[in-house]
Amino acid sequence: MSAAGTSEAGIVIVGAGQGGFQAAASLREAGYEGRLVLVGDEPGLPYQRPPLSKAYMKGEAGIEQIELRAGAFYADHRIELVNARAIAIDREGRRLVLEGGEALPYAHLILATGARNRPLPVLGHDLAGVFYLRTRADADALKDRLAAARRVVVIGAGFIGLEFAAVARALGHEVTVLEGASRVLARAVSPEMSAFFASAHAAMGTDLVLGAGVIGLEGEAGHVTGVATGDGTVYPADFVLVGIGVVPNVELAAEAGLEVANGIVVDTHLATMDPAISALGDAVAYPSRFAGGNVRLESVQNAADQARSLAHRLTGKGAPFDAVPWFWSDQADLKLQIVGLAAATDSAVLRGDPASRRFSVFRFRDGVLTAIESVNRPADHMLGRRLLAGTPAITPEQAGDEGFELKTLLAK
């Protein structure tokens, strides 16, 4: 890792995750020749987070396989890697202050600060054997503990919780998933898709408990032994994984006086209220036509697309950010792909048979396509990305008719 050592003011990027890395790589690709510094508070080279709950956890991929690029890439592209925590932004002096007092001058600052795990707010949350999964260090600690565990309790049936549950079951562990909502993946998918994944995880042998409000964690000798829910049940646990969402890392921006509202507020060009500071990724609230207003998305795709868009703007080739949002989740042999943004009240049209484990749910609002949720049907997903990039010319009747060739819509 490089240290901050010169007084040249170039572009400084705070956050060495997918978005920060992509911003640096895209700036060089777009022709930026000035000093370029990527500041990250985790040791080692920037890496991908999605495999942590899947291939990395199962031992199918090592650290070299999940690193975004080998070390030589950064030297070859003159990207300085600084391993330090940023603690303040001196907007007047255009300096990023690092822990320890060192400061990096900047001509432009990019905040790609990401998000952190939402802590479990109950007694016992600090017992040994209670884990979160966000970083490589988290994954390494989990892998070590998982090897000796038998009974695993997962709190939260979102993407991370269900992905990890599928891995733990495949490794032969007893798994209980506790979810406070009435269905799994409630924030992300339709009730129809929730029902499918609940059934799929039950078929894997996972004990899925919905409407389970966790009120505390029990332990012996400082180590967790069980999870207590509001109905008086205690679920035995050798260890616990908490996956109840994330909190955007906005403190650096807020303390510098930048506008924050469920994220660092930016405009359609990803610029903050300070013309010398831009922001992108999981920590950013940006205006989206797909959301009908400001939205904050937790997505590798969103972070990477915003990074590319911002790199183009900073090299004089910019256009408003308007990429179609899409997401994915791998759970056992099921690949869930989502394109677009649906509201809870949007109608759902089924295409295909869920029993075949290859189907899609098309979401509509007032007859207009808003999103497509697909399981093991990548063609539907790719078609949705193309349709939603423009004005989607598809009716609910066409979506539900397996005899209708969807690809004919692309010729219109």
Side-chain angles (χ1 to χ4, degrees), residues 1-86 96 98-100 102-114 134-141 143 249 270 278-283 299-317 328:
M1 290 291 188
S2 166
T6 102
S7 59
E8 178 190 347
I11 295 179
V12 175
I13 304 167
V14 185
Q18 184 83 48
F21 162 81
Q22 189 63 59
S26 294
L27 280 163
R28 288 299 189 223
E29 188 177 306
Y32 175 71
E33 293 292 338
R35 187 184 184 195
L36 186 53
V37 184
L38 183 58
V39 180
D41 60 4
E42 288 187 61
L45 297 173
Y47 62 90
Q48 306 170 64
R49 295 193 192 280
L52 294 178
S53 60
K54 300 177 281 288
Y56 187 78
M57 185 64 57
K58 289 187 286 187
E60 296 173 355
I63 183 57
E64 295 81 8
Q65 285 73 46
I66 70 169
E67 286 173 347
L68 288 160
R69 293 291 189 279
F73 173 88
Y74 302 92
D76 293 345
H77 290 80
R78 294 176 294 114
I79 299 170
E80 299 176 45
L81 292 175
V82 174
N83 180 214
R85 190 170 72 90
L96 177 72
L98 305 178
E99 196 168 41
E102 196 167 11
L104 286 166
Y106 65 82
H108 198 89
L109 181 66
I110 298 174
L111 301 177
T113 48
R134 182 74 180 176
T135 67
R136 192 177 74 222
D138 291 338
D140 288 340
K143 284 169 68 175
N249 294 323
L270 305 172
S278 299
L280 60 88
D282 291 10
S299 155
V300 166
Q301 167 271 331
N302 183 64
D305 281 350
Q306 287 184 341
R308 295 184 187 97
S309 177
L310 181 54
H312 286 135
R313 172 168 71 83
L314 294 179
T315 53
K317 301 179 282 288
W328 80 92

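Count residues from 1 along the sequence.
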Peer 1: Would you check, one step at a time, whether the test side-chain hydrogen bond (donor to acceptor under 3.5 Å, both in side chains) holds for Thr135 with Arg49?
Peer 2: CA-CA 7 Å; Thr135 67; Arg49 295 193 192 280; 5.6 Å; no
Peer 1: Find the distance between CD1 (Ile13) and CG (Leu27) and round it off to the nearest 0.5 Å.
Peer 2: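 Reported to 0.5 Å precision, the distance equals 5.5 Å.
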Peer 1: Kindly say whether Gly281 contributes a backbone atom to a donor-acceptor pair with the side chain of Gln306 at under 3.5 angstrom?
Peer 2: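 Confirmed, Gln306 side chain pairs with Gly281 backbone.
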Peer 1: Heavy atoms only: give me the nearest Ala30-Thr315 pair and the separation to one decimal.
Peer 2: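 Shortest heavy-atom separation between Ala30 and Thr315 comes out as CB-OG1, 3.5 Å.
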Peer 1: About how many Å separate OH of Tyr32 and NE2 of His108, when rounded to the nearest 0.5 Å?
Peer 2: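 Spacing of NE2 (His108) from OH (Tyr32) equals 10.5 Å.
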Peer 1: Nearest 0.5 angstrom please: Leu310 CG to Gln22 CD, how far?
Peer 2: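 It comes to 11.5 Å.
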Peer 1: Quick one: pull up CG in Leu52 and CD1 in Ile66 and give me the separation to the nearest 0.5 Å.
Peer 2: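 So the CG of Leu52 and the CD1 of Ile66 are separated by 5.0 Å.
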Peer 1: So which heavy atom on Gly17 is nearest to which on Leu68, and how close?
Peer 2: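 Result for this residue pair: O-CD1, 4.3 Å.
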Peer 1: Do the side chain of Asn83 and the main chain of Gly40 share a donor and acceptor less than 3.5 angstrom apart?
Peer 2: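 Looks like yes, one N/O pair under 3.5 Å.
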Peer 1: Determine the minimum heavy-atom distance between Gly19 and Ala112, stating which atoms define it.
Peer 2: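 Taking Gly19 first and Ala112 second, the nearest heavy atoms are C-CB, 4.4 Å.
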Peer 1: Consider side-chain contact (heavy atoms from CB on, under 4.5 Å). Of Leu314, Val12, Val39, which one does Ile110 pass it with?
Peer 2: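 The passing option is Leu314.
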Peer 1: Is the shortest heavy-atom distance from the side chain of Pro46 to the side chain of Leu38 under 4.5 Å?
Peer 2: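 Sidechains of Leu38 and Pro46: in contact.
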Peer 1: Are Arg136 and Glu42 within salt-bridge range, i.e. N to O under 4.0 Å?
Peer 2: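 No.
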Peer 1: Which heavy atom in Leu45 sits nearest to a heavy atom in Ala70, and how many Å separate them?
Peer 2: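 What the structure gives for the nearest pair is CD1-C, 4.0 Å.
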Peer 1: Quick check: does any side chain N or O of Arg35 sit under 3.5 Å from a backbone N or O of Ala9, one acting as donor and the other as acceptor?
Peer 2: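 Answer holds: no.
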Peer 1: State which residues pass side chain to side chain contact (heavy atoms under 4.5 Å, CB included) with Ser299; sequence neighbours excluded, sorted by chain then number.
Peer 2: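 Listed in chain order: Gln301, Asn302, Phe327.
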Peer 1: Could you list the donor-acceptor pairs under 3.5 angstrom formed between side-chain atoms of residues 55-65 and any protein atom two or more places apart in sequence or on another chain?
Peer 2:
residue: Tyr56; atom: OH; partner: Asp140; partner atom: OD1; Å: 2.5
residue: Gln65; atom: OE1; partner: Gly62; partner atom: N; Å: 2.7

Peer 1: Between atom CZ of Phe73 and atom CD1 of Ile79, what is the distance when rounded to the nearest 0.5 Å?
Peer 2: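 Answer rounded to 0.5 Å: 4.5 Å.
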Peer 1: Check Ala283 against Gly114 and note the closest heavy-atom contact, atom names and distance.
Peer 2: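 In this case the closest contact between Ala283 and Gly114 is CB-O, 3.3 Å.
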Peer 1: From Asp76 CG over to Arg28 CZ, what is the distance, rounded to the nearest 0.5 angstrom?
Peer 2: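 If I round to the nearest 0.5 Å, the distance is 11.5 Å.
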Peer 1: Donor-acceptor pair, Asn249 side chain versus Thr113 backbone, under 3.5 Å?
Peer 2: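 At least one qualifying donor-acceptor pair exists.
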Peer 1: With a 4.0 Å cut-off on N to O distance, would you call Arg308 and Glu29 a salt bridge?
Peer 2: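 Looking at Glu29 together with Arg308, the answer is no, because their closest N to O distance does not fall below 4.0 Å.
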Peer 1: Measuring only between side-chain heavy atoms, which start at C-beta, is Pro50 closer than 4.5 Å to Val300?
Peer 2: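 Contact flag for Pro50/Val300 side chains = yes.
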Peer 1: Any side-chain heavy-atom pair from Leu98 and Leu104 closer than 4.5 angstrom?
Peer 2: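 When only atoms from C-beta onward are counted, Leu104 and Leu98 do touch, with a gap below 4.5 Å.
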Peer 1: Please confirm whether the backbone N or O of Ala23 pairs with a side-chain atom of Ser26, one donor and one acceptor, at under 3.5 Å?
Peer 2: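 The answer is no, because no donor-acceptor pair under 3.5 Å joins these two groups.
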Peer 1: Given the rule in the side chain to side chain contact (heavy atoms under 4.5 Å, CB included) test, do Val37 and Tyr106 qualify, once you have shown the distances and angles that lead to the verdict?
Peer 2: CA-CA 9 Å; Val37 184; Tyr106 65 82; over 6 Å; no
Peer 1: For the residue pair Arg69 and Tyr74, would you count it as a cation-pi contact if the rule is NZ or CZ under 6.0 angstrom from the ring centre and within 45 degrees of the ring axis?
Peer 2: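 Negative - Arg69 is either too far from the ring of Tyr74 or too far off its axis.
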